[in-house]
Amino acid sequence: MRLSDLNPGQQAAVTAPDGVQLVVAGAGTGKTRTLVHRVAWLVDEGVDPRDIVLLTFTRRAAREMLDRASAMVGDQAKAVRGGTFHSFAVSALRRHADALGYSRDFTVLDRADAEALVGLVRGEVGLGGRERRAPQRRTLLKLVSKQINTGRPLADLIDASYPQYLEFAPEIERLAVRYTERKREQNVMDFDDLLVRMVELLRDHPDRREHLARGVRYLLVDEYQDTNRLQAEITGLLSYLHGNLMVVGDEAQSIYGFRGADVRNILDFTELFPHAEVIRLEQNYRSVQPVLDLANGVLQSAAEGYGKVLFSERSSPERPELVTTYDEQEQASYLAQRVQERKAEGLDYRSQAVLFRSGYHSNLLEVELQRAGVAFRKFGGLKFVEASHVRDVFALLRVVANPRDVMAWVRILQWFAGLGAVTAERIAQKILDHPEHSLEPTPYRKRKYGPALAHLAQVLSAAAPLSDRPEALVAHLLEYYAPLLETLYEDHRKRVNDLKTLTELASKYTDLESLLAEVALDPPEQTEIDADPAEEDWLTLSTIHSAKGLEWAVVYVMQLGDGHFPTTHAVEDPDALEEERRLLYVAVTRARDALELVRPTFLRGRFGVQPTECALLDEIPAFHSKIARRDGQLRGASKTKPTEKHPDIAAAEARLAEFMRRFPRKG
DNA sequence: GCCAATCATCGATAG
DNA sequence: GATGATTGGC
């Protein structure tokens with residue numbers, strides 16, 4: 001490895017002596033590069049790679065960094081343990097489950113299952129079927145989760161986000177307690193439990209703490225501004241023994257407030273670790289100055305001053321562009337055409353990315369791209385494993401792995417005619433209370449669904465011995481499930497292909513537990529599954545959250561407009577709007593050479609499709625001098641298809657024309 | 001008492 | 001489009 005490629009700040013971070021360092025690194029200042037070099041440098045210095053732990057925000061980021069480190073110092077760097085806090089916790093918790101009243105075959109509930117379980121408890125604590133409008137299970141889980149991740153009292157959180165539900169505070173308190181109890185009974189953990197139990201393990205079990213911390217000689221944490229208090233606690237507890245900790249982050253890029261992330265973790269870091277060396281990386285190597293001018297403008301408009309100004313030595317005559325289109329359809333057509341134009345000019349799709357606030361914002365664009373034959377992959381939004389029929393198969397896998405998994409049972413049992421939610425829960429509870437019998441169909445023999453249960457029991461008992469061969473296990477279960485699929489879904493023809501994909505997915509694993517944990521913690525993206533592996537040049541579509549830490553030569557930020565980006569909620573809530581601003585900052589700073597902000601004039605609002613402002617853009621100081629304007633209307637429209645007006649807009653215009661005709665202006 | 005079909009309401013980001 | 005309350009049927 002060569003240190004001469006690095007600037008003095010980066011070198012200081014890479015070669016820092018033992019101890020605690022805080023690396024404050026603005027967007028594009030080579031944060032990832034620095035971490036990669038740090039790992040490589042440590043390995044090069046003779047540190048056992050297995051004693052290095054690199055915690056990142058996604059597993060994708062961890063993999064990428066370790067690959068790059070390996071390229072510098074050889075494959076030994078692959079032995080570095082890397083992943084998210086959650087994935088690190090799963091492996092630690094499996095080994096130490098006994099200390100926490102769990103057994104080591106616990107399963108991980110994803111959000112949908114967690115919500116389903118909250119739904120069961122919801123009825124139990126009296127939050128269902130009343131004339132008073134009680135919060136939905138989704139909202140309830142959000143509240144409980146936020147309480148756990150922030151440590152703030154539930155009543156405060158309700159007051160802040162859902163004041164209309166304050167009258168339910170006592171019931172919600174009870175729900176939180178029951179929910180936790182039931183998860184433990186069922187030997188399942190939701191995402192929050194992974195952190196909570198990890199803290200519990202490290203805090204309350206000194207022997208385990210020492211054992212775990214002994215193996216963490218160097219701890220590196222990326223994206224520290226997006227950690228919550230539990231993660232900060234884990235960071236401190238894991239590194240207490242050797243005292244070698246490096247955290248890296250940028251407070252201006254904090255975009256996970258909704259998940260309980262606390263910027264104070266990074267802002268107050270030196271109070272917690274007074275001996276920490278603070279290293280600042282300020283020079284931006286990524287973007288041209290005009291892009292940074294706009295990024296700086298976005299930060300200036302923030303209520304909380306970050307006092308940060310990015311500068312670059314890369315100049316460009318082109319300012320970022322504000323592209324105005326008529327509506328969403330024209331936006332989609334424009335983008336599809338624009339990426340092709342750039343491709344024709346010699347810029348690969350690989351160097352371009354379209355970013356948006358919410359997963360569904362790209363729906364129309366995806367249709368246009370498909371029509372135009374542009375290969376793309378989408379990151380964020382609905383995942384392959386979230387499809388209902390795929391979840392079905394995973395429910396079968398989960399009861400094989402953990403027969404106490406009530407939510408998996410409840411899902412499976414409701415496949416059968418005449419067996420509804422109430423009976424399903426009753427049977428699942430019975431299995432939980434007498435796990436030695438598992439599914440014993442005899443008591444239900446006289447029921448309509450008796451034979452179906454007998455068949456299921458038979459399939460599952462044959463499945464058990466296949467646990468250490470996931471591929472064979474999936475094949476066995478599919479033999480049972482495939483015929484069922486046809487009766488369960490009218491559109492089963494579309495769904496049946498996914499079953500083959502499932503077998504392929506399973507073939508990558510050697511045991512069932514890691515298959516299930518990985519799929520819960522790092523689900524493969526739908527378009528990765530669909531993509532033609534031979535196609536190497538594809539366009540990236542991504543939510544801004546999923547684009548964090550990445551960069552492209554050209555970036556398009558689409559769907560700018562109140563109610564979309566920023567989202568509905570944020571338009572009224574100043575704190576939420578601040579997070580939207582940081583989100584825009586993250587999006588803008590992904591661009592190396594060129595940036596386009598695309599803004600449809602007519603967007604779907606509360607009263608149908610209507611002209612829409614964009615608070616985020618309007619408040620940027622001297623915005624108009626920082627951007628160039630472009631009309632997104634397609635001139636060479638014959639190349640693609642003609643722009644269609646949104647039906648709502650067409651209808652509104654027709655009504656307007658009718659109105660004008662009947663009430664002609666005088667004079 | 002439970003199931004299955006029907007109707008109103010409301011939306012995000014992710015491990 | 002999903003969630004959850006409601007309603008009619010067994």
Side-chain angles (χ1 to χ4, degrees), chain A residues 55-62 83-90 108-112 114-116 118-119 122-123 127-142 145 148-149 161 189-196 198 223 226-228 230-231 254-261 355-361 363 379-383 386-388 413-414 416-426 447-449 517-523 525 542-548 559 563-571 573 576 579-580 582-584 586-587 604-606:
Chain A
L55 296 181
T56 59
F57 223 67
T58 62
R59 303 180 100 186
R60 186 169 145 216
T84 60
F85 279 91
H86 293 86
S87 69
F88 184 82
V90 167
V108 178
L109 293 185
D110 66 13
R111 204 185 70 193
E115 280 174 5
V118 165
R122 184 177 184 265
L127 280 171
R130 297 267 120 215
E131 66 280 0
R132 304 182 299 171
R133 276 265 301 282
Q136 301 212 133
R137 56 198 209 180
R138 190 176 198 170
T139 312
L140 292 165
L141 181 64
K142 266 189 199 165
S145 175
I148 290 166
N149 284 295
S161 309
M189 297 199 199
D190 65 12
F191 290 131
D192 295 333
D193 286 321
L194 296 177
L195 302 181
V196 171
M198 190 70 193
E223 309 281 10
D226 280 323
T227 54
N228 61 35
L230 294 169
Q231 290 165 318
S254 164
I255 55 175
Y256 279 90
F258 69 91
R259 211 167 90 175
L355 307 184
F356 32 84
R357 172 72 240 252
S358 307
Y360 65 89
H361 288 168
N363 288 353
F379 299 90
L382 201 71
K383 309 279 194 295
E386 285 165 6
S388 187
L413 292 168
Q414 290 185 85
F416 309 121
L419 204 169
V422 177
T423 312
E425 201 195 334
R426 200 172 285 160
R447 298 272 162 190
K448 191 167 143 200
Y449 43 81
E518 184 126 345
V519 163
L521 295 174
D522 190 22
E525 305 285 341
S542 177
T543 59
I544 299 169
H545 285 90
S546 297
K548 194 161 109 160
Q559 198 80 352
H564 299 257
F565 186 19
T567 63
T568 324
H569 219 67
V571 176
D573 178 353
E579 187 144 311
E580 301 293 298
R582 292 192 294 268
L583 210 43
L584 178 62
V586 169
R604 193 173 291 274
R606 263 180 87 181

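Each chain gets a letter, A, B and so on, in the order the sequences are listed, and its residues count up from 1. None of these values were measured; they are calculated from a predicted model. Hydrogens, waters and symmetry mates play no part in the numbers below; they use all other heavy atoms, side chains included.
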Residues forming a side-chain contact (heavy atoms from CB on, under 4.5 Å) with A:Arg357, sequence neighbours excluded:
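A:Arg357: side-chain contact (heavy atoms from CB on, under 4.5 Å) contacts with A:His361, A:His545, A:Phe565, A:Thr567, A:Glu580, A:Leu583.
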Of all residues at least two apart in sequence or in a different chain, which pass the side-chain contact (heavy atoms from CB on, under 4.5 Å) check with A:Ala62?
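Partners of A:Ala62 by the side-chain contact (heavy atoms from CB on, under 4.5 Å) criterion, ordered by chain and then number, come out as A:Thr56.
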Regarding B:dG15, can its base be found pairing with the side chain of A:Asp192 as donor and acceptor, where the two atoms are less than 3.5 Å apart?
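It does, because a donor-acceptor pair links the side chain of A:Asp192 to the base of B:dG15 below 3.5 Å.
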Regarding [X], tell me which of base, sugar-phosphate or nothing describes its non-hydrogen contacts under 4.0 Å with the strands shown.
| X | value |
| --- | --- |
| A:Arg111 | base |
| A:Gly359 | sugar-phosphate |
| A:Ala421 | sugar-phosphate |
| A:Thr568 | nothing |
| A:Ser546 | sugar-phosphate |
| A:Thr543 | sugar-phosphate |
| A:Arg60 | nothing |
| A:Leu419 | sugar-phosphate |
| A:Ala417 | sugar-phosphate |
| A:Phe85 | nothing |

Are any protein N/O atoms closer than 3.5 Å to N/O atoms in nucleotides 7-10 of chain C? If there are, list each pair with its distance.
none

What distance separates A:Asp573 CG from A:Thr568 OG1, expressed to the nearest 0.5 Å?
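Output value for this atom pair is 12.5 Å.
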Quick one: which of [options] gets closest to the side chain of [X]?
| X | options | value |
| --- | --- | --- |
| A:Lys142 | B:dA12, C:dA5, B:dG15 | B:dA12 |
| A:Thr423 | B:dA12, B:dC3, B:dG15 | B:dC3 |
| A:Ser358 | B:dC3, B:dG15, B:dT13 | B:dT13 |
| A:Phe258 | B:dC3, B:dA12, B:dT13 | B:dT13 |

Is any side-chain nitrogen or oxygen of A:Arg122 closer than 4.0 Å to OP1 or OP2 of C:dA5?
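Affirmative; the distance criterion is met.
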Expressed as a whole number of angstroms, how long is the span from A:Arg138:CZ to C:dA2:C1'?
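Answer to the nearest Å: 9 Å.
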Just jot down the side-chain hydrogen bond (donor to acceptor under 3.5 Å, both in side chains) partners of A:Ser145, sequence neighbours excluded, or say none.
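Once residues adjacent in sequence are excluded, the partners of A:Ser145 under the side-chain hydrogen bond (donor to acceptor under 3.5 Å, both in side chains) criterion are A:Asn149, A:Asp192.
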Residues in ring-ring contact (aromatic ring centres under 6.0 Å, His included) with A:Phe57, at least two apart?
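In terms of ring-ring contact (aromatic ring centres under 6.0 Å, His included), with neighbours along the sequence ignored, A:Phe57 is linked to A:Tyr256.
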Which atoms of nucleotides 5-10 of chain B (N or O only) lie under 3.5 Å from a protein N or O atom, and what are those distances?
from, atom 1, to, atom 2, distance (Å)
B:dC10, OP1, A:Arg133, NH2, 2.8

